[in-house]
Amino acid sequence: MAPASHGLLGRIQQANDNAAHRFGPHTAEVEAFIASASQLTPWQWRQVLAGRRLVASVTKEGAGSPDSATSIQAAISTSDTKISEPIARAGEVLFDTLAKRSEEKQVAAWQAMTALVMRSQLPALKFAVHYAPFAAMIPLAGSDVLDPKTVRFIGRLQDLSKEQLELLAKRWRIQPVASRALLQAVAKNRQAKSEEAVALAALGTIPNHLTGDEGWSAVRTVVHGGRVLGALGDLTAQEITELWVPLEAVVTLASLSEVESVPAVERVRAAVDGAIKQITRPPRSKTVPTKPLEPAIYGMNHAEVAGFIKGIGELSPIQWLRVLDRRKLVASVTREGSLEPAGVVRSILAAIERTRQLDMFTRCRVFAAVERAGFAIESHSHLNLGEVRKMLAPFEPSINFEELNGGGFAHKVAGLGSSEWQRIAAAAPDANEEAVAPLVNAGTALVDFFGGRSDDEAVAAWHAVAALVQRQHLTPIKFAASYAPFATAIPVTNPRSLGAMVSRYVTAIGRLGATQCAALARQWQIEDELSNVLAKVAGDGTARPAEEAAALAAVVTVPMRLAGSGGWAAVKTAAFGGRVIAVRTRLTAEQLVALWAPIQPAVPLISLSAPAKPRR
């Protein structure tokens, strides 16, 4: 595998890992919790808050936190180092999702969510104290795969009387030898969820009968039983007997191994019901083989490119007018002219169409040769004659380049035959097939569409699809300059994945006035030390989506207020702001303020904090 390809695959893997662990090792559970919490009904929320008050009646320190929802959000937005980065990211999404809920509900969900983020680092009882209010409404992953003894033990807890719970609340002591054996066994079974499940069940049951220190002592005794059950495989029979002494008077260990026999009448009834279902059951449908995944012919951004190819054919005439207007706006601030003039684009598309029957290796060499020759013709005034002839050499026997412009070249290319393309490919320099093949495939999919479009529409569409194919290899601002005309009609960024604070910043960029754009266009410079810090924290690519979104908003908004080099400077400053705000949780408060200085006059940092909740 080529080194460049190895690096590209490495970056893809790194991006996937970052997305799968943005909330820590339990990202999937945290995302599911936030989604489920947003859908709880008023009755379910009442049950959650009632359960939270019950838990607080037995815990010594109380399940509640003195922090309010406002103070928690302030700590998140000010890059408080006391809050880890995964918790800060998850907190932004949670508070944004539950923005219309009361403060008590937000704080309860915050405590449960932070416990989920740190689930593997917290003791089972401490985790249960924070998550117990939600355990019935949003069950934990793995709660349905407990061993039979643990399931029976939890079932017994539901039937215990107040007197039996008072027995469990009495003080007890385990011999040091047995205690050490239990600790060693627990260390070998860290993945067992018995203790955690028992703790959640105990906090949901015991506070209904006992409160205060007495209730807390009973909870701890029951959780001790769950810990023993989760480590049975690494304990001897004598150690198990000794460790179960505190619970033996209420729940005997032997009773957890007993299997309740089903009466003969019930067994016969179940057998008859099963037979009836088997006889009357309709025939099973034949299993339909799953459709194999289609190969990523458009490169690492295959899904986005495929969505663009599908969406561009569905644009209405009004949407096309908006696309072309936006392209003019973008062109008014970008310093260079068109990256690929209409003649070059038409030449490339003609070559793609005429070489459909050839193999991909040949098509890639033809693509590279046509692109080089088209640029040479369009920019011959900037190149010396030797460089131009070198680029045009593969075509010389078939095409006379005297007084030929880009449009004429496209017409000549469209008239070449298969044998001439084979010869041109043989004479052309080597092409990187891995990089060029996705462009060729994308052009092939759109070549019929381009045939009925004007030059402006064809150039805008080709620049956008080429930018999507090469997205990971372009800087965010370069990508935005090419794709911005289509950003609204065919969006490729998900605002919900950016986080609340980044979304507010992108919205603010879309509402900039002339004065604010002028403030962003001023010259500024960051100290080398700060620049190195920013490069280090943003080096893993996590800031790229935010920087792209800010650049896409800026290249459309700024030109309406400020054109020319000043507009381009404002666009670059706005994109820089997107990078800074995306990594704010990795910066100290002083570093964040210093890096935000160029954006501060236009978008004050404090304006991006969560808005205060209006009083009813």
Side-chain angles (χ1 to χ4, degrees), residues 325-340 460 463-464 467 470-471 473-488 493 498 501-535 537-539 541 543-584 587 591-608:
D325 286 343
R326 285 195 169 191
R327 183 166 178 265
K328 292 176 182 178
L329 284 174
V330 174
S332 69
V333 295
T334 52
R335 289 182 295 183
E336 65 270 4
S338 177
L339 296 177
E340 292 176 326
H463 287 174
Q470 302 171 332
R471 186 173 186 176
H473 304 289
L474 299 176
T475 62
I477 198 168
K478 287 279 189 181
F479 169 76
S482 298
Y483 194 79
F486 292 90
T488 301
T493 57
L498 299 176
M501 207 163 179
V502 176
S503 296
R504 294 188 196 104
Y505 176 67
V506 173
T507 301
I509 293 298
R511 297 173 178 173
L512 292 175
T515 305
Q516 293 168 307
C517 291
L520 290 176
R522 296 172 188 162
Q523 290 189 358
W524 51 272
Q525 187 174 0
I526 297 295
E527 296 179 1
D528 291 342
E529 183 178 355
L530 276 176
S531 180
N532 292 335
V533 169
L534 180 60
V537 298
R544 182 182 178 92
E547 190 174 355
E548 275 186 359
L552 284 168
V555 293
V556 174
T557 303
V558 171
M560 292 189 287
R561 314 283 188 258
L562 187 65
S565 58
W568 184 244
V571 169
K572 291 173 64 178
T573 306
F576 174 79
R579 188 191 318 168
V580 172
I581 204 67
V583 297
R584 65 196 178 282
L587 303 170
Q591 290 170 340
L592 179 60
V593 170
L595 288 169
W596 197 256
I599 304 101
Q600 182 69 16
V603 184
L605 188 59
I606 194 173
S607 68
L608 302 180

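Every heavy atom of this structure was used, including side-chain atoms; hydrogens, water molecules and symmetry mates were not.
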Approximate separation, where rounding is to 0.5 Å, of Arg327 CZ and Ser482 OG: 10.0 Å

Sidechain-backbone polar pair: Arg579 side chain, Ala543 backbone, donor-acceptor under 3.5 Å: no

Heavy-atom donor-acceptor pair, Ser531 side chain to Ile526 backbone, under 3.5 Å: no

Closest contact, heavy atoms only, Met501 versus Ile581: CE-CD1, 4.1 Å

Heavy-atom donor-acceptor pair, Arg561 side chain to Leu512 backbone, under 3.5 Å: yes

Rounded distance [0.5 Å steps], CG in Leu534 versus CD in Gln591: 9.5 Å

Distance (rounded to the nearest 0.5 Å) between Leu595 CG and Glu527 CD: 9.5 Å

For the student: nearest non-hydrogen atoms of Pro598 and Leu520, plus distance: O-CD2, 4.0 Å

Close side-chain approach of Tyr483 and Leu474, heavy atoms under 4.5 Å: no

Heavy-atom pair with the smallest gap, counting every atom of Ile509 and Ala550: CG2-O, 4.1 Å

Gln600 side chain vs Leu605 backbone, donor-acceptor pair below 3.5 Å: yes

Minimum-distance pair of heavy atoms, taken over all atoms of Ala521 and Leu562: CB-CD2, 3.8 Å

Contacts of type side chain to side chain contact (heavy atoms under 4.5 Å, CB included), residue Glu548, not counting sequence neighbours: Arg471, Pro476, Phe479, Arg544

Minimum-distance pair of heavy atoms, taken over all atoms of Val558 and Gly567: CG1-O, 3.5 Å

Heavy-atom closest contact (Leu530 atom, Ala594 atom, distance): CD1-CB, 3.4 Å

Whether Trp596 and Tyr505 hold their rings parallel, tilted or perpendicular, with breakpoints at 30° and 60°: perpendicular

